[in-house]
Amino acid sequence: MTRTLSHFIGGRAVAGSSGRFADVFDPATGDVTARLPLADAADAAVAVAAAEAAFPAWAATPPVVRARVLFRFRELVERHADSLVRIIVSEHGKVREDARAALMRGIEVVEFACGIPHLLKGEFSEAVAGETDSWSLRQPLGVAAGITPFNFPAMVPMWMFPLAIAAGNTFVLKPSEKVPSCALRLAELLHEAGLPDGVFNVLNGDGAAVDALLADPRVQAVSFVGSTPVARHVYATGSAHGKRVQALAGAKNHMVVMPDADMAQAADALMGAAYGSAGERCMAVAVAVAVGSAGDAIRERLAPRVRALKVGPGLDPESEMGPLISAAHRDRVAGYVDLGIAEGAELVVDGRNLSLQGYENGFFLGGCLFDHVRPDMRIYQEEIFGPVLGIVRADALDDALSLVNRHPYGNGAAIFTRDGDAARAFVSGVAAGMVGVNVAIPVPMAFMSFGGWKQSRFGDLAVHGKEGVQFYTRLKTVTARWPSGTTAGARFAMPTSA
Ligand code: NAD
């Protein structure tokens, strides 16, 4: 019998009433491992009601006390890291050490959120006018919702809820229906850490659950991470319902390799950045822009290594790359490889016919490498989200930079060079939110903010760091005086400091 999962609402597992279910798979074997209830609007309303009921008391809890719950949660996540990693690998498929590293990135946001008493400090101005002082403070919003993608079952939810609840909000997380178990386990650990019931809830489901959250007037803010078409929908719909929305979206990250770069380092970086997590990362490098002689040099180094990639189940310590998330996605990515050939790119390494003994039903695809990819090709323009790297040739840095800047996505971008002038020009001129210099995947740390530009993000504020605190709080500015003696009478002119 396959186990049936639930929602986590008001501090306990809740079955839900929709009667709709989805299968959850182990991508390495292709086996169905669980049945997941998919929420309808009534289930969503129950989750939001639990979060709304918990808000007043949680918002009134001193930040330093809220932080103590997160300190305990941090210890619990660390103590249970092995089992969380196993859950991530069993539903996502990525290799164990990669899952552990991403969990660590999530823990770092919890550590940042533990500083909430400091992060919420406002500003004070004495004597803004005669005997009048002014100060600002930031207060929580109410119920916030998080909607997350399949590719980081722990890290992306942890970009959101630690800061949201530390700031005094209550939270409804709608995780990806492909990887629900990690979020459910995190909810149990928050409960064990002493978080009051209803402050953190997990609502499982698909687009129907998301649309119910977007329409619910009690939800004040929505954090979304996922593909660009859904991000656009969430941003437009949430904003139309008067909510604050940050929607992080798809990507097609470029790494420029200059002819003076250390080619061994650049090749190492490209292998990890293109094929790590089977390319299912929003910060994966999908395009290597090789300037001048770097083209042949990088291709020569990459081709044998892509052919030798160790593809296997994520729990096998020998594996460098695991399966893709689903059979449908594996077929979609393979379809892009067919398309690239038809468009005239040169397929240097073909990973389409990979079959693994004992894992014939797993969703595996080998690493693929294209050379002579051109900007007019769909394999260049569209996000593939798989282990497919394309080399584009460019004559000079200016051409490479203008290529990156013309692309509709602008999440991350990197340059590999030994030339400080080239690096400086790239950093200054590139139209992307996160930029690396000899760093292929420049994911900002928890105390900085993470977010792309152009079609890679909708909404003003990025996640975690200072902008994350701003997103989950609203500003209040107070002007105060304590007059004594006789009244000066009504004044009909706008007050000034004079
Ligand atoms: P997705 O857009 O299919 O799903 C994301 C979330 O939206 C899921 O919770 C899903 O249930 C929900 N959803 C799906 N269809 C919906 C609809 N029609 N209406 C409302 N909600 C809907 O994304 P995915 O396949 O889970 O994740 C991969 C994508 O996420 C890639 O495009 C990747 O680049 C992107 N991503 C971006 C970042 C970033 O920081 N920019 C980080 C991670 C992933």
Side-chain angles (χ1 to χ4, degrees), residues 20 22 24 27 36-41 44 91-94 102 105-106 109 145-160 172-180 182-183 202-215 222-238 245-253 277-286 324-326 328-330 332-333 382-386 408-413 432-434 441-444 449-459 461-465 467-468:
R20 290 198 307 130
V24 180
L36 181 75
L38 299 177
D40 59 12
E91 291 185 353
H92 177 279
K94 64 178 76 183
R105 279 302 183 102
V109 182
I147 299 151
T148 51
F150 77 81
N151 65 329
F152 285 106
M155 183 184 81
V156 171
M158 289 168 91
W159 281 353
M160 302 173 180
V172 177
L173 173 66
K174 206 301 285 169
S176 165
E177 62 274 38
K178 299 187 179 90
V179 294
C182 183
V202 177
L203 180 74
N204 282 306
D206 53 10
V210 173
D211 287 342
L213 292 171
L214 293 175
V222 177
S223 295
F224 172 89
V225 178
S227 61
T228 291
V230 183
R232 201 180 281 121
H233 162 70
V234 167
Y235 181 68
T237 312
V245 184
Q246 54 180 188
L248 277 63
K252 190 86 176 177
N253 306 308
S277 199
E280 291 174 326
R281 288 181 182 143
C282 66
M283 289 293 276
V285 170
L324 292 173
I325 187 66
S326 65
H329 187 55
R330 189 256 328 270
R332 184 173 169 272
V333 175
E382 298 174 16
E383 182 181 42
I384 298 175
F385 218 56
Y409 291 114
N411 215 36
M434 295 166 282
I441 308 192
V443 175
S449 296
F450 181 112
W453 287 13
K454 300 189 280 186
Q455 298 295 304
S456 294
R457 173 158 60 101
F458 305 93
L461 294 169
V463 297
H464 59 65
E467 296 212 349

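Numbering of residues begins at 1 and proceeds along the displayed sequence. First listed ligand is number 1; within each ligand, the first listed atom is number 1.
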> For Glu383, is at least one N or O under 3.5 Å away from an N or O on ligand 1?
Replying inline: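 It does: an N or O of Glu383 is found under 3.5 Å from an N or O of ligand 1.
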
> When you measure from atom 2 (O) of ligand 1 to every protein heavy atom, which one gives the shortest distance, and what is it?
Replying inline: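 Minimum-distance protein heavy atom for atom 2 (O) of ligand 1 reads Ser227 OG, 2.6 Å.
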
>> Could you identify the single nearest non-hydrogen protein atom to atom 37 (C) of ligand 1 and state the distance to 0.1 Å?
In response: Ala249 O, 3.1 Å

Using a 4.0 Å heavy-atom threshold (strictly under), name the region of [X] that reaches ligand 1: side chain, backbone, both or neither.
{"X": "Glu177", "result": "side chain"}
{"X": "Tyr409", "result": "neither"}
{"X": "His233", "result": "side chain"}
{"X": "Val463", "result": "neither"}
{"X": "Thr148", "result": "backbone"}

> Does some side-chain heavy atom of Phe450 sit less than 4.5 Å from a side-chain heavy atom of Arg105?
Replying inline: no

> Does a side-chain heavy-atom distance below 4.5 Å link Leu214 with His233?
Replying inline: yes

> Where do Val225 and Phe152 land on the side-chain contact (heavy atoms from CB on, under 4.5 Å) test, with the steps shown first?
Replying inline: CA-CA 10 Å; Val225 178; Phe152 285 106; over 6 Å; no

> Counting heavy atoms only, which of Leu173, Ile384, Val230 comes nearest to atom 18 (N) of ligand 1?
Replying inline: Val230

> Aromatic rings His92 and Phe150: how do their planes relate, parallel, tilted or perpendicular, breaks at 30° and 60°?
Replying inline: parallel

> Under the 4.0 Å line, does any protein heavy atom show up next to atom 7 (O) of ligand 1?
Replying inline: yes

